[in-house]
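Down below is the structure, laid out as structure tokens.
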Amino acid sequence: MRQQIPSFRLPAEVIDEETGYILDMGVNAFFNTRVESMKGLLEKDYDAVFVGSGAPTGRNMKLPGYEDQQENNVFIGVEWLSQVAFDHITEAPKDVIVIGGGNTAMDCCRTALRLGAENVKVVIRTPVDAMVASPWEIEDAQAEGIPILENHNPMEYVVEDGRLTAMKFDIIEYSVKDDGTEVFTPVGRQETVPCSMVLLAIGQANAFPWIERDIGIEFNKIGLAEVDPVTFQSTHPKVFFGGDAAFGPKNIITAVAQGHQAALSIDMFLRGL
């Protein structure tokens with residue numbers, strides 16, 4: 001929450017207050033503690049384990065031109081937000097492109113504006129009405145004067161003398177088949193959009209190298225644990241998942257709600273119900 005949600009949306013004092021309510025109830029909290037092994041946790045004979053570690057890694061996009069930059073001005077959005085949160089990055093260049101249509105993309109574009117960028121554009125492959133970002137997040141970004149370029153498929157980073165100067169896009173038509181499959185059809189036209197920095201918010205992934213694969217927790221093809229959508233219990237009866245760690249990135253409101261539901265399930269599980 002502190003690293004990847006901008007403080008103008010979720011101030012640190014609000015996080016302190018909300019988490020304080022929980023800690024003051026008598027929860028035994030262990031901070032600055034690295035978890036290396038789920039097997040190790042289970043060997044400590046806990047009655048239940050809840051995993052709410054989020055989706056901490058972002059996806060890169062190494063298009064033609066990516067390797068030609070002398071200085072890499074293409075950033076993974078969630079990593080860039082973390083660097084801003086820790087004051088490692090304190091300013092943004094004039095022209096910024098944000099690739100992606102989710103809530104992270106909205107956080108990136110609005111943060112870039114606050115760091116001094118003058119010309120921030122969000123570029124998506126779909127129409128605006130197909131974006132996965134929450135409607136109020138889209139409205140807030142547009143209210144701050146940030147345009148959203150629809151039906152643009154990224155094709156190339158334009159690099160001149162080792163310096164990123166633009167991105168090249170194919171203009172496409174978007175449609176959805178009866179089975180829900182998205183279709184992106186080139187229309188034979190391209191557009192070059194000037195920029196000196198690109199923020200990639202094209203999806204986040206889970207990272208579970210610390211969960212051994214021989215302890216009864218089954219994972220699906222995209223690397224998420226198989227979790228019951230009602231009880232949030234995994235295929236190991238003592239282990240429960242919630243939030244982005246369970247079903248992939250969405251938003252913090254959903255994550256908190258799932259944590260609540262998982263707590264009810266854990267309580268019932270421990271009582272043999």
Side-chain angles (χ1 to χ4, degrees), residues 1-57 78-79 81-87 102-104 106-107 111 134 136-137 140 204-212 215-219 224-273:
M1 290 188 289
R2 295 182 191 275
Q3 296 177 23
Q4 296 178 356
I5 301 178
S7 59
F8 66 85
R9 285 190 52 221
L10 184 60
E13 55 267 25
V14 174
I15 299 176
D16 292 340
E17 181 179 359
E18 295 285 340
T19 54
Y21 293 146
I22 299 169
L23 297 175
D24 290 345
M25 294 173 67
V27 173
N28 294 316
F30 299 90
F31 300 108
N32 302 314
T33 302
R34 190 170 176 84
V35 179
E36 299 282 2
S37 167
M38 175 63 79
K39 185 180 291 185
L41 277 180
L42 294 172
E43 288 174 351
K44 293 181 179 180
D45 209 26
Y46 288 110
D47 295 315
V49 175
F50 175 78
V51 180
S53 54
T57 60
V78 290
E79 296 178 358
L81 288 171
S82 294
Q83 293 186 60
V84 172
F86 288 117
D87 292 327
N103 288 329
T104 299
M106 300 300 97
D107 288 343
T111 299
S134 303
W136 58 89
E137 300 286 357
D140 286 347
Q204 290 168 244
N206 301 79
F208 297 119
W210 55 279
I211 299 182
E212 295 83 358
I215 57 175
I217 299 176
E218 295 180 12
F219 286 82
L224 293 172
E226 294 287 355
V227 177
D228 186 290
V230 176
T231 66
F232 299 96
Q233 188 177 43
S234 73
T235 52
H236 189 299
K238 285 188 175 184
V239 182
F240 296 74
F241 288 75
D244 293 359
F247 303 107
K250 196 165 185 183
N251 58 52
I252 195 164
I253 299 171
T254 300
V256 171
Q258 291 180 1
H260 181 88
Q261 292 298 316
L264 296 176
S265 295
I266 291 170
D267 178 67
M268 293 177 69
F269 168 69
L270 297 182
R271 290 189 290 131
L273 302 178

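Heads up: numbering here begins at 1 and tracks the sequence.
Side chain of Asn103 to backbone of Ser134: a donor-acceptor contact under 3.5 angstrom is found. Between the side chain of Gln233 and the backbone N or O of Asp228, no donor-acceptor pair lies under 3.5 Å. In terms of modelled atom types and a separation under 3.5 Å, the side chain of Thr254 and the main chain of Ile252 share no donor-acceptor contact. Ser234 places a side-chain N or O within donor-acceptor distance of the main-chain N or O of Val239, the cut-off being under 3.5 Å. For Ser82 (side chain) and Gln4 (main-chain N/O), no donor-acceptor pair under 3.5 Å exists by modelled atom type.
The aromatic rings of Phe208 and Phe219 lie tilted to each other, with the angle between the two planes from 30° to 60°.
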Side chain to side chain contact (heavy atoms under 4.5 Å, CB included) evaluation trace for Val14 with Arg9: CA-CA 10 Å; Val14 174; Arg9 285 190 52 221; over 6 Å; no
Steps toward side chain to side chain contact (heavy atoms under 4.5 Å, CB included) verdict (Thr111, Phe8): CA-CA 9 Å; Thr111 299; Phe8 66 85; 3.6 Å; yes
Intermediate values then yes/no, side chain to side chain contact (heavy atoms under 4.5 Å, CB included), Leu42 and Lys39: CA-CA 5 Å; Leu42 294 172; Lys39 185 180 291 185; 5.9 Å; no
From CA spacing to verdict: side chain to side chain contact (heavy atoms under 4.5 Å, CB included), Phe232, Gln258: CA-CA 8 Å; Phe232 299 96; Gln258 291 180 1; 3.6 Å; yes
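Here Met38 contributes atom CE and Glu43 contributes atom CD; the two are 12.0 Å apart, rounded to the nearest 0.5 Å. Considering CD of Glu226 and NE2 of His236, their distance stands at 16.0 Å, rounded to 0.5 Å. Separating the CD atom in Glu36 from the CG atom in Leu41 is a distance of 10.5 Å, to the nearest 0.5 Å. Separating the CG atom in Asp140 from the CG atom in Asp107 is a distance of 10.5 Å, to the nearest 0.5 Å. Note that the CG atom of Leu264 and the OG1 atom of Thr231 stand 11.5 Å from one another [nearest 0.5 Å]. Atoms CD1 and CD1, on Ile211 and Ile217 in that order, are 5.0 Å from each other to the nearest 0.5 Å.
The minimum heavy-atom distance linking Gly248 with Leu224 is given by the pair N-CD1, 3.9 Å. Counting all heavy atoms, side chain and backbone alike, Thr235 lies closest to Gly216 at OG1-O, 2.8 Å. Residues Phe50 and Gly259 come closest through the heavy atom pair CZ-CA, 4.1 Å. Nearest heavy-atom pair across Ala48 and Phe240 is CB-CE1, 4.4 Å.
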